[in-house]
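What follows is one structure encoded as structure tokens, with my remarks underneath.
Worth knowing before you read on, the calculation uses all heavy atoms, side chains too, and leaves out hydrogens, waters and symmetry mates. Each chain gets a letter, A, B and so on, in the order the sequences are listed, and its residues count up from 1.
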Amino acid sequence: MDSLRLYVRLIACSLRGQLAYRATFLTKLVGNFAVTVFEFLGIWALFTRFGTLGGWTLREVALLYGTVDVGFALADMLSRGFDRFGTILKAGEFDRMLLRPRSTVLQLLGYELRLFKLGRLAQGAIILAWAAGAVDWTPARVGLLGFSIAGTYALFLGIIVLQATSAFWTIETLEVWSAFTYGGNYAGEYPLSIYKRWFQRVFTAVIPLGLTTYYPARAILGRDDLDGFHAVAPLGGIVFAALAFGVWRLGLRRHASTGS
Amino acid sequence: MSGYLAIVAARFRSLLQYRAAALGGLFTQVFFGLVRIMILEAFYAASSTPAPMALPHVIGYIWLGQATLLLIPWRNDEDVAEQIRSGAVVYELTRPLDLYGIWLARSIAWRTAPVLLRMVPMFVIAMLVLPILAPEWALAPPSAASFALWIPCFAGAVLLSAAVSALMTVSLMWTIAGDGVAMLVATLATMFGGLIIPLPLFPDWARQIIYALPFAGLMDFPSRVFTGDIAPSGAAWVLAHQLAWTGALVALGRWLVSRGVRRLVVQGG
């Protein structure tokens, strides 16, 4: 409970800091919103030209797009400390965190909440709401959508934690990880079925994005029956995050500071 | 002139140091390239009506886009941004060089070294490795003429990109913490530069407008000259578009700097 209160205070500090530069904040927010709107306009343009994508309509793809964008935006907003971990480690800032009587995970999660990322979140939510208008909702489907977003959030958080953990070995945060964060977000906006077999396998078994977004979306859209498999599929993202935090603890044991 | 050339050369050499970063980015760029190709292949497979761009041209276009990704002006020149924030920009004013010229020279180096570092390994993968692993996804110019004409068009894109970057630097004189302007320009450039979808695939009514914008000259036109989607005879038009926009943006930048310097107040006199 005490941890939660501290977390809220850390976040509140970060928000006040960003709102001090109001004009910069607003342009960044608009910019972040515009980037994602343009991405969706690109998809819209392709659908106007080609009609369908592997048997999916634009509004069906929008459900996938909204789910993965909301999940990613949440993870991207709430994990800045892990995202910047290479810099934090290099500057010796992490050693100061270790001295404090609080868990490093809590301190890194509360490091900064980048408010302008609300732009992507808002855009994802709007697209999701538009897609939702065409879905035949049942309580089970509503629940599955919530679980799907939670699983996607957990999965991206897990990837960002792994990215941070790798910095214990490499010091720098390697750009390779963007393939899985931004690249995963991008690939997840489209139905998994359009990709090559090997790619589908990677995004189901290794990075279970297919489990957290694609299969739930099929059940919500009525393409598949909502059976036991579809109901538990998003759990894959949560298991992934749990494993990632396990690896983080291993890395932490190895940590030997960058200072002399 | 030699002063500006020295700035370009020094900056170019220092930017060439970031070789590991370029290799780290390579994996991500190949990944994005593969995903984009698979998505567009799926769209093409679903459609029976002929598209305004053939699929092999689209594939080549995607690889060239990934190779020259850093022609898109993503960020501000942080060194100059810091100078403007701290007031150190006055030192630049004491040099026997024009302030805008210094910034343009820095931008030219910034739009060359990092692009080349990423382009060369990307070409090796797309032109030499992919023909063995996945021949249908490989990159190859249709003729020697297309490749030869791509080179000046690429140079034109570098100049145009540098002019856009210099203009972003100039905007810092007014905004101080100008991440917002950089973000807006980068957004427009990704959309109207052909990084989200190839420009010929936009709806017909929108295309003529998008082609007229400066962003089309950064990545879209040169890539299409390379793949043969724009015939060799069209290359002259591409160069004219790039140079006209470069000239206009440079003139605008110079004018803005001369106004900005007039109202510049240096604290601590």
Side-chain angles (χ1 to χ4, degrees), chain A residues 20-21 23-56 61 116 119 170 172-196 198-200 202-203, chain B residues 20-53 118 134 137 175-192 194-207 210:
Chain A
Y21 296 91
T24 301
F25 166 70
L26 279 177
T27 41
K28 279 169 104 167
L29 183 69
V30 171
N32 189 249
F33 185 76
V35 173
T36 48
V37 167
F38 276 172
E39 260 172 42
F40 194 75
L41 276 180
I43 299 181
W44 166 82
L46 290 176
F47 268 98
T48 6
R49 183 161 297 285
F50 295 104
T52 72
L53 173 66
W56 288 56
V61 170
F116 75 91
T170 60
E172 286 277 348
T173 303
L174 300 178
E175 203 188 323
V176 169
W177 289 97
S178 329
F180 302 110
T181 51
Y182 291 98
N185 178 36
Y186 179 61
E189 291 170 353
Y190 298 86
L192 194 63
S193 52
I194 65 165
Y195 299 114
K196 293 266 188 262
W198 61 268
F199 193 89
Q200 296 187 18
V202 170
F203 275 88
Chain B
L23 273 182
L26 186 65
F27 177 81
T28 307
Q29 278 157 261
V30 172
F31 179 90
F32 266 92
L34 290 174
V35 173
R36 296 186 66 205
I37 287 175
M38 286 190 271
I39 291 168
L40 280 161
E41 270 187 347
F43 270 113
Y44 271 78
S47 165
S48 48
T49 47
M53 196 178 186
R118 283 169 190 242
W137 287 352
T175 60
I176 312 296
D179 293 350
V181 173
M183 208 176 222
L184 284 177
V185 173
T187 305
L188 292 173
T190 42
M191 182 71 172
F192 300 119
L195 212 62
I196 293 180
I197 65 168
L199 298 189
L201 298 183
F202 270 100
D204 299 331
W205 57 267
R207 258 186 303 175
I210 296 171

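Put simply, of B/L195, B/L188, B/I39, the one with the most heavy-atom pairs under 4.5 Å next to chain A is B/I39. Listed options B/L34, B/T187, B/L184 were ranked by heavy-atom pairs under 4.5 angstrom with chain A; first place goes to B/T187. Of all the listed residues (A/I43, A/I194, A/L53), the one sharing the greatest number of non-hydrogen pairs under 4.5 Å with chain B is A/L53.
Taken to the nearest 0.5 Å, the CZ atom of B/F32 stands 7.5 Å off from the OH atom of A/Y186. Taken from CE in B/M191 to CG in A/L41, the straight-line distance is 4.5 Å, to the nearest 0.5 Å.
Residue pairs meeting the side chain to side chain donor-acceptor pair (under 3.5 Å) criterion with at least one partner in residues 195-206 of chain B, sequence neighbours excluded, are A/R49-B/D204, B/D204-B/R207. Listed by first and then second residue, the salt bridge (charged side-chain N to carboxylate O under 4.0 Å, His left out) pairs that reach into residues 29-43 of chain B are A/K196-B/E41, sequence neighbours excluded.
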Set out, in order, the CA-CA distance, both residues' side-chain angles and the distance that settles ring-ring contact (aromatic ring centres under 6.0 Å, His included) for B/F31 and A/F199, then state yes or no. CA-CA 11 Å; B/F31 179 90; A/F199 193 89; 5.8 Å; yes

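Residues B/F192 and A/F38 bring their aromatic ring centres within 6.0 Å.
Residue B/L201 touches chain A through both its backbone and its side chain, counting heavy-atom pairs closer than 4.5 Å. Heavy-atom distances place both the backbone and the side chain of A/Y182 under 4.5 Å from chain B. For a residue to count as touching a neighbouring chain, one of its non-hydrogen atoms must lie under 4.5 Å from one of that chain's; by this rule A/F203 touches chain B with the side chain only. The contact between B/L40 and chain A is made entirely by side chain atoms (from C-beta outward), counting heavy-atom distances below 4.5 Å.
In plain terms, the two heavy atoms of B/I197 and A/G42 that are nearest each other are CG2-O, 3.7 Å.
Using cut-offs of 30° and 60° for the angle between ring planes, the A/Y190 and B/F43 rings count as perpendicular.
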